[in-house]
Amino acid sequence: MGKTTTLRPDFLWGGAVAAHQLEGGWQAGGKGVSVADIMTAGANGVPRQITKGVQPDLYYPNHEAIDFYNRYPGDIKLFAEMGFKCFRTSIAWTRIFPNGDEDQPNEAGLKFYDDLFDECLKYDIEPVITLSHFEMPYHLVEEYGGWRSRKVIDFFVKFAEVVFKRYQHKVKYWMTFNEINNQSDYQNDFSIMTNSGLFKHDGENMEQTMYQAAHYELVASAEAVQIGHQINPEFQIGSMIAMVPLYPATSKPADVMKAQRANQARYWFEDIQSNGQYPKWLTAYQHNQGWDMDITLADLDVLKAGTVDYIGFSYYMSRAVSAHDDERVDYHYDEAADSVDNPYVEKSEWDWQIDPEGLRYAMNWLADRYDKPQFIVENGFGAVDQKEADGSVHDQYRIDYLKAHIEQMKLAVCEDGVDLMGYTPWGCIDLVSAGTGQMSKRYGFIYVDKDDEGNGTLERSKKDSFAWYQKVIASNGEDL
Ligand code: P53
């Protein structure tokens with residue numbers, strides 16, 4: 001047998017989005033208010049405000065987003081024209097259970113996703129579905145304190161069971177929680193709200209609360225994996241992490257130790273979802289903090305029995321970390337305080353470090369640690385685009401970014417033997433940025449005419465990257 005030189009023939013090329021970032025229709029068909037519906041628009045370097053409920057005079061960009069709710073047939077037709085084999089989106093939990101704690105699901109919401117998936121299948125586009133992508137019902141935040149409460153496990157599992165049953169003949173590829181590990185940055189109000197529906201209480205130890213909330217989510221995820229496999233043994237159910245490899249800033253041993261602990265603190269979620277158990281350092285860490293955690297023996301059995309079939313991950317950037325002069329003995333990870341600039345890589349306008357080789361490194365790291373199939377379910381370049389009078393956008397910078405990452409992805413597969421299922425670049429059509437709420441931080445192959453204040457015709461047009469990606473897919477990644 002010769003050397004591996006190509007991606008697998010059934011490689012899942014496609015694109016990725018999330019319901020709350022493109023659908024709009026925030027109250028259509030009986031949809032409830034989600035945590036994305038209470039976030040205003042921020043700007044580059046200006047965080048989004050997270051309000052207590054929807055306030056009358058504020059602008060919430062996700063309420064209308066790009067109106068995919070009404071325009072999806074045309075958008076999917078464009079995806080088909082690019083040659084998509086799959087389309088990753090999420091199911092808005094609040095369309096199915098508007099408050100999250102109802103007995104019965106909302107039929108209008110279920111019907112919407114039936115129609116959407118049928119539209120994909122019409123073009124042989126495989127739906128790849130995230131159950132919870134930063135859009136939990138806001139009612140669960142108000143009434144139960146979000147994932148602070150063990151009760152939310154049952155609400156999530158019920159939601160998962162309903163949609164697994166309903167779409168079992170239409171959807172094969174699933175993921176439970178989007179970027180479940182973002183909340184390792186527990187001092188960041190955005191991360192703890194999007195992942196876990198948490199508002200910080202006065203005097204609360206957010207680190208402990210985050211570990212508790214994440215524990216409940218991991219139990220819920222493991223239960224969902226088991227139920228999904230009972231409903232349809234053909235299901236492929238994955239985890240989903242934000243893969244941001246953390247490099248030591250120097251070869252100084254304390255920096256190396258810092259990077260090791262930082263990676264442990266950022267990726268223990270995957271240790272549980274892939275390996276089915278808590279890593280030793282974390283059990284020791286929680287014990288040494290003197291925290292009284294609600295982690296039962298029954299939970300540990302569930303975690304063991306509900307490991308994932310594959311690892312879905314996003315990759316945008318790497319970061320570097322360095323130890324402090326008065327470093328704590330436990331090398332405690334504080335994302336904001338420990339991150340330093342990496343002089344060897346460029347940055348995007350939003351200060352995201354551009355590091356294609358980091359993708360190959362990340363894939364090898366994941367393969368060594370977990371030995372599961374991988375699926376790159378997000379990657380991309382957020383940039384300001386200039387639309388020409390004829391609707392075209394010359395986005396060579398985006399092509400350059402994606403090309404460099406695909407090259408490294410192929411090296412990980414062909415040189416390093418990583419088992420890779422597919423690649424779905426983020427925001428294949430322009431949508432609302434999660435982190436900033438902007439429209440002007442664009443990722444798409446398809447331009448959407450809308451600005452940061454909500455003005456625009458919502459008209460779609462093709463960027464230069466559209467024809468480029470079409471050619472990449474047609475050649476199974478050979479013609480870059
Ligand atoms: P935006 C932080 C770090 C890496 C990925 O992000 C992240 C975030 C959160 O902002 O989010 C993922 O829109 C996420 C998507 C998001 C995308 O990356 O801030 O799964 O929902 O839109 C890009 O530029």
Side-chain angles (χ1 to χ4, degrees), residues 15-23 34-36 39-48 50 61-62 65-66 68 88-93 128-136 175-196 238-246 266-267 269 311-319 335-336 339 347-355 358-359 362 375-385 398 401-402 405 424-444 448 450 452:
V17 300
H20 70 280
Q21 288 173 263
L22 88 168
E23 285 178 2
S34 82
V35 298
M39 296 196 189
T40 66
N44 193 353
V46 182
R48 305 179 72 171
I50 307 172
N62 300 67
I66 63 158
F68 183 76
R88 173 180 177 233
T89 187
S90 59
I91 294 176
W93 189 345
V128 176
I129 300 305
T130 317
L131 293 173
S132 183
H133 191 134
F134 301 174
E135 55 208 352
M136 74 184 290
M175 278 166 275
T176 53
F177 291 91
N178 185 63
E179 291 188 339
I180 190 167
N181 63 325
N182 274 350
Q183 56 195 320
S184 57
D185 187 10
Y186 59 86
Q187 311 197 60
N188 181 327
D189 292 344
F190 173 80
S191 306
I192 57 174
M193 178 53 72
T194 49
N195 277 150
S196 297
S239 52
M240 197 307 194
I241 52 170
M243 191 61 207
V244 181
L246 303 170
R266 231 191 121 77
Y267 301 108
F269 304 81
I311 301 173
F313 66 97
S314 66
Y315 180 83
Y316 294 90
M317 62 190 139
S318 61
R319 271 204 288 268
E335 189 149 311
S339 296
K347 284 193 220 163
S348 81
E349 217 178 296
W350 280 261
D351 272 353
W352 288 21
Q353 299 190 352
I354 303 166
D355 176 13
L359 174 58
F375 196 161
I376 303 172
V377 295
E378 289 183 32
N379 172 232
F381 190 56
V384 174
D385 288 334
R398 183 168 292 109
Y401 176 101
L402 293 170
H405 285 78
T424 57
W426 176 252
C428 46
I429 178 165
D430 289 347
L431 39 63
V432 177
S433 156
T436 68
Q438 292 171 295
M439 271 306 297
S440 55
K441 188 181 187 189
R442 296 175 183 274
Y443 289 87
V448 175
K450 186 170 182 182
D452 289 342

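Whatever order the structure lists ligands and atoms in, that order sets their numbers, starting from 1.
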Could you check [atom] against the protein and tell me its nearest heavy-atom contact, residue, atom and distance included?
atom                    : answer
atom 3 (C) of ligand 1  : M317 CE, 3.7 Å
atom 6 (O) of ligand 1  : W352 CH2, 3.3 Å
atom 22 (O) of ligand 1 : Q21 NE2, 2.9 Å
atom 13 (O) of ligand 1 : A434 N, 2.7 Å
atom 19 (O) of ligand 1 : G435 N, 2.8 Å
atom 17 (C) of ligand 1 : Y316 OH, 3.2 Å

Practice task
Report the C-alpha separation of R266 and N182 in whole Å, then their side-chain angles, then the decisive distance to 0.1 Å, and conclude whether the side chain to side chain contact (heavy atoms under 4.5 Å, CB included) test is met.
Solution key: CA-CA 8 Å; R266 231 191 121 77; N182 274 350; 3.9 Å; yes
Handout entry: Side chain, backbone, both or neither: S433 near ligand 1, heavy atoms under 4.0 Å
Key =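 For S433, the contact with ligand 1 is made by both the backbone and the side chain.
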Handout entry: Residue part near ligand 1, for L431, under 4.0 Å between non-hydrogen atoms
Key =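 No part of L431 comes within reach of ligand 1.
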Problem - Minimum heavy-atom distance T176-T130, with the two atoms named - result: O-CG2, 4.0 Å
Completion exercise
Nearest heavy atom to atom 9 (C) of ligand 1, choosing from Y315, F190, W350, belongs to F190
Completion exercise
A student comparing E378, Q438, K441 should find that the heavy atom closest to atom 18 (O) of ligand 1 comes from E378
Exercise for the section: Enumerate the atoms of ligand 1 whose separation from the nearest heavy atom of N178 is less than 4.0 angstrom. Expected result: 14 (C), 20 (O)
Kindly compute the distance separating [atom1] ([X]) from [atom2] ([Y]), expressed to the nearest 0.5 Å.
X    : Y    : atom1 : atom2 : answer
F313 : I376 : CZ    : CD1   : 4.5 Å
I91  : E135 : CD1   : CD    : 9.5 Å
Q183 : F269 : CD    : CZ    : 5.0 Å

Exercise for the section: Looking only at distances, please establish whether an N/O atom of ligand 1 is found under 3.5 Å from an N/O atom of E179. Expected result: yes
Exercise for the section: Report yes or no: does a heavy atom of H133 sit under 4.0 Å from some atom of ligand 1? Expected result: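 Yes, H133 has a heavy atom closer than 4.0 Å to ligand 1.
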Problem - Y443 near ligand 1 by a heavy-atom separation under 4.0 Å - result: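 Flag set, Y443 near ligand 1.
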